[in-house]
There are 2 protein chains.
Amino acid sequence: MYMENKTYFSAIVEIIKTGHWITDMVSQELKEYDISEPQFNVLRILKGQKGKPITVEVIASLMIHRSSNVTRIIDKLLIRGLVSRQECQTNRRKMDINITAEGIEFLKLLDKKVTDFHKPMMSKISEKEAKDLTRIIKKLKE
Amino acid sequence: MYMENKTYFSAIVEIIKTGHWITDMVSQELKEYDISEPQFNVLRILKGQKGKPITVEVIASLMIHRSSNVTRIIDKLLIRGLVSRQECQTNRRKMDINITAEGIEFLKLLDKKVTDFHKPMMSKISEKEAKDLTRIIKKLKE
DNA sequence: GAACTATTCTTGTATATACAATAGTTGTAC
DNA sequence: GTACAACTATTGTATATACAAGAATAGTTC
């Protein structure tokens with residue numbers, strides 16, 4: 001009977017557990033600002049576009065965990081004035097989403113919080129280890 | 001102004017993304033058996049106890065993603081006769097949860113499915129790489 | 001250009017989840 | 001042993017999520 005190789009199995013479990021561990025911690029950090037991890041993720045994606053609006057579909061594809069509810073995530077950010085949403089000029093099926101000036105300001109606060117959490121974690125491994133980690137983990141999905 | 005080191009940031013993002021990617025795939029595999037990933041996880045934990053019942057608390061601590069709803073996960077497994085639940089003799093606050101013979105049989109089907117998904121993924125990296133991956137990723141949480 | 005198909009976002013709905021509150025049991029201090 | 005605190009599982013509830021269905025627009029074929 002085939003048995004899963006323990007070495008490989010441990011690796012898989014560690015990836016999943018650590019991913020949850022990090023996002024759980026980040027969620028805790030964000031809680032004081034009453035913003036969810038997916039909302040934070042969307043804000044970061046929008047900021048990364050440097051002023052160029054992107055569609056709901058593109059946001060979904062760039063999210064850490066592809067979500068089927070980008071519309072509703074945007075709804076919440078809209079209410080708080082952190083993003084803008086308007087019909088795409090060239091294709092009225094699409095929506096142009098962008099981060100507002102308020103969104104950028106707000107994100108600065110969040111980024112500080114999250115970075116402060118990332119820093120001590122990152123200090124545990126060397127830059128070479130980080131590179132190795134990324135390289136190996138990416139191979140899994142090839 | 002402090003900027004996050006890109007090498008480290010990529011590593012973090014890859015861990016989270018890959019974790020989601022794996023669990024999403026596994027969830028898809030399990031769907032045909034109408035069982036959720038957390039339910040599957042609980043069954044595996046129980047099987048790992050080799051007949052010794054464990055409490056709700058212990059299950060939660062062993063889960064890949066610690067859940068606050070173990071009771072309801074157990075409820076569902078109970079309905080299908082895959083686990084048993086009874087008051088702990090020595091401490092009536094606790095519950096003794098165990099996997100049933102049906103549960104073990106059912107789990108064999110699921111394990112085959114999931115292993116068939118794991119195998120090609122694992123073949124993408126060497127055993128040494130898997131070990132390195134586990135070692136580095138564990139350091140992050142130290 | 002009409003009919004059909006594909007794309008894109010939104011919405012409806014059922015389920016899952018987090019979090020807090022509760023209930024029952026056990027442990028502890030006096 | 002009583003009072004109080006701590007522990008353990010369950011339940012209530014509000015929110016988040018997945019998935020499918022819907023609505024509007026665009027593209028394609030004839």
Side-chain angles (χ1 to χ4, degrees), chain A residues 16 19-21 23-42 45-46 53-80 83-98, chain B residues 16 19-21 23-42 45-46 53-80 83-98:
Chain A
I16 303 172
H20 282 307
W21 179 75
T23 47
D24 286 354
M25 300 288 245
V26 170
S27 295
Q28 286 303 318
E29 299 288 330
L30 296 175
K31 195 161 292 173
E32 105 179 56
Y33 295 102
D34 193 32
I35 195 156
S36 70
E37 199 272 331
Q39 287 173 39
F40 171 62
N41 192 210
V42 168
I45 288 165
L46 291 172
I54 52 175
T55 65
V56 170
E57 193 190 17
V58 172
I59 293 172
S61 74
L62 294 176
M63 285 180 76
I64 282 199
H65 189 206
R66 192 184 176 93
S67 167
S68 58
N69 296 303
V70 176
T71 298
R72 283 185 269 233
I73 292 170
I74 301 291
D75 287 344
K76 298 208 184 79
L77 296 172
L78 259 179
I79 291 171
R80 294 171 72 168
V83 303
S84 64
R85 172 168 61 191
Q86 54 181 21
E87 231 174 39
C88 180
Q89 294 285 342
T90 57
N91 188 335
R92 287 168 50 220
R93 283 173 300 190
K94 302 187 181 183
M95 284 299 197
D96 279 340
I97 316 291
N98 208 339
Chain B
I16 302 172
H20 281 306
W21 178 75
T23 47
D24 286 353
M25 300 289 244
V26 169
S27 294
Q28 284 304 317
E29 299 288 330
L30 296 176
K31 197 161 292 174
E32 105 180 54
Y33 295 102
D34 192 32
I35 196 158
S36 70
E37 199 271 333
Q39 286 173 41
F40 171 62
N41 191 211
V42 167
I45 287 166
L46 290 172
I54 52 175
T55 65
V56 169
E57 192 189 17
V58 171
I59 292 172
S61 74
L62 294 175
M63 285 182 76
I64 281 197
H65 190 206
R66 192 184 177 94
S67 168
S68 58
N69 297 302
V70 176
T71 298
R72 284 185 268 234
I73 293 171
I74 301 290
D75 287 344
K76 301 209 184 78
L77 296 171
L78 259 179
I79 291 170
R80 295 170 73 167
V83 302
S84 65
R85 172 168 62 191
Q86 55 181 21
E87 229 174 40
C88 180
Q89 294 285 341
T90 57
N91 188 336
R92 286 166 53 218
R93 281 173 301 190
K94 302 187 181 183
M95 285 298 196
D96 279 339
I97 316 291
N98 209 339

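All values below were derived from every heavy atom in this structure, side-chain atoms included, with hydrogens, water molecules and symmetry-related copies excluded. Keep in mind that this is a model prediction, so the values were computed, not measured. Here is how names work: the chains are called A, B, and so on, in the same order as the sequence lines, proteins then strands, and each is numbered from 1.
Contact annotation: A:Thr55 side-chain N/O to C:dC9 OP1/OP2 distance is under 4.0 Å. Under 4.0 angstrom from either OP1 or OP2 of D:dA16 there lies at least one side-chain N or O belonging to A:Lys76. In this structure, B:Gln28 does not reach the D:dA18 phosphate: none of its side-chain N or O atoms is under 4.0 Å from OP1 or OP2. Between B:Ser68 and the phosphate of C:dC19, there is no side-chain N or O to OP1/OP2 separation shorter than 4.0 Å. Contact check, B:Arg85 against D:dT10: a side-chain N or O comes under 4.0 Å of OP1 or OP2.
Rounded to an integer number of Å, the gap from NZ of B:Lys31 to P of C:dA14 is 17 Å. Rounded to whole angstrom, the span from the CD atom of B:Glu87 across to the P atom of C:dT26 amounts to 8 Å. Between A:Gln86 atom CD and C:dC9 atom P there is a gap of 14 Å when expressed in whole angstrom units. The separation between A:Gln89 atom CD and D:dT25 atom C1' is 15 Å, rounded to whole Å. Note: CG (A:Asp34) to C1' (C:dC19) measures 14 Å, nearest angstrom. One interatomic measurement links the two molecules: CD1 of A:Ile97 to P of C:dC9, which rounds to 8 Å at whole-angstrom precision. Taking atom CD1 on A:Ile35 and atom C1' on D:dT15, their separation rounds to 15 Å, with Å as the unit.
Residue B:Gln39 is tested with B:Asp34, B:Ile73, B:Leu30 for a side-chain contact (heavy atoms from CB on, under 4.5 Å); the sole match is B:Ile73. Of the candidates A:Gln28, A:Glu37, A:His65, A:Thr23 forms a side-chain contact (heavy atoms from CB on, under 4.5 Å) with just one, namely A:Glu37.
Nearest to the side-chain atoms of A:Thr71 among the listed nucleotides C:dC9, D:dT11, D:dT17 stands C:dC9. Closest approach to the A:Met95 side chain among D:dT17, C:dT10, D:dA9 is made by C:dT10 (side chain taken as heavy atoms from C-beta onward).
Of the two residues near DNA chain C, A:Arg72 and A:Lys94, the one whose nearest nucleotide lies more 5' is A:Lys94. Summary of the strand contacts: B:Val70 and B:Asp24 both lie near DNA chain D, and taking for each the nucleotide with the nearest heavy atom, the more 5' one is attributed to B:Val70. Across the interface with DNA chain D, nearest-nucleotide mapping of A:Asn69 and A:Arg92 shows A:Asn69 to be the residue nearer the 5′ end.
No engagement by B:Arg66 is indicated, since no non-hydrogen atom pair under 4.0 Å with the nucleic acid exists.
Not a single donor-acceptor pair, N or O on each side, falls under 3.5 Å between the base of C:dC9 and the side chain of A:Arg93.
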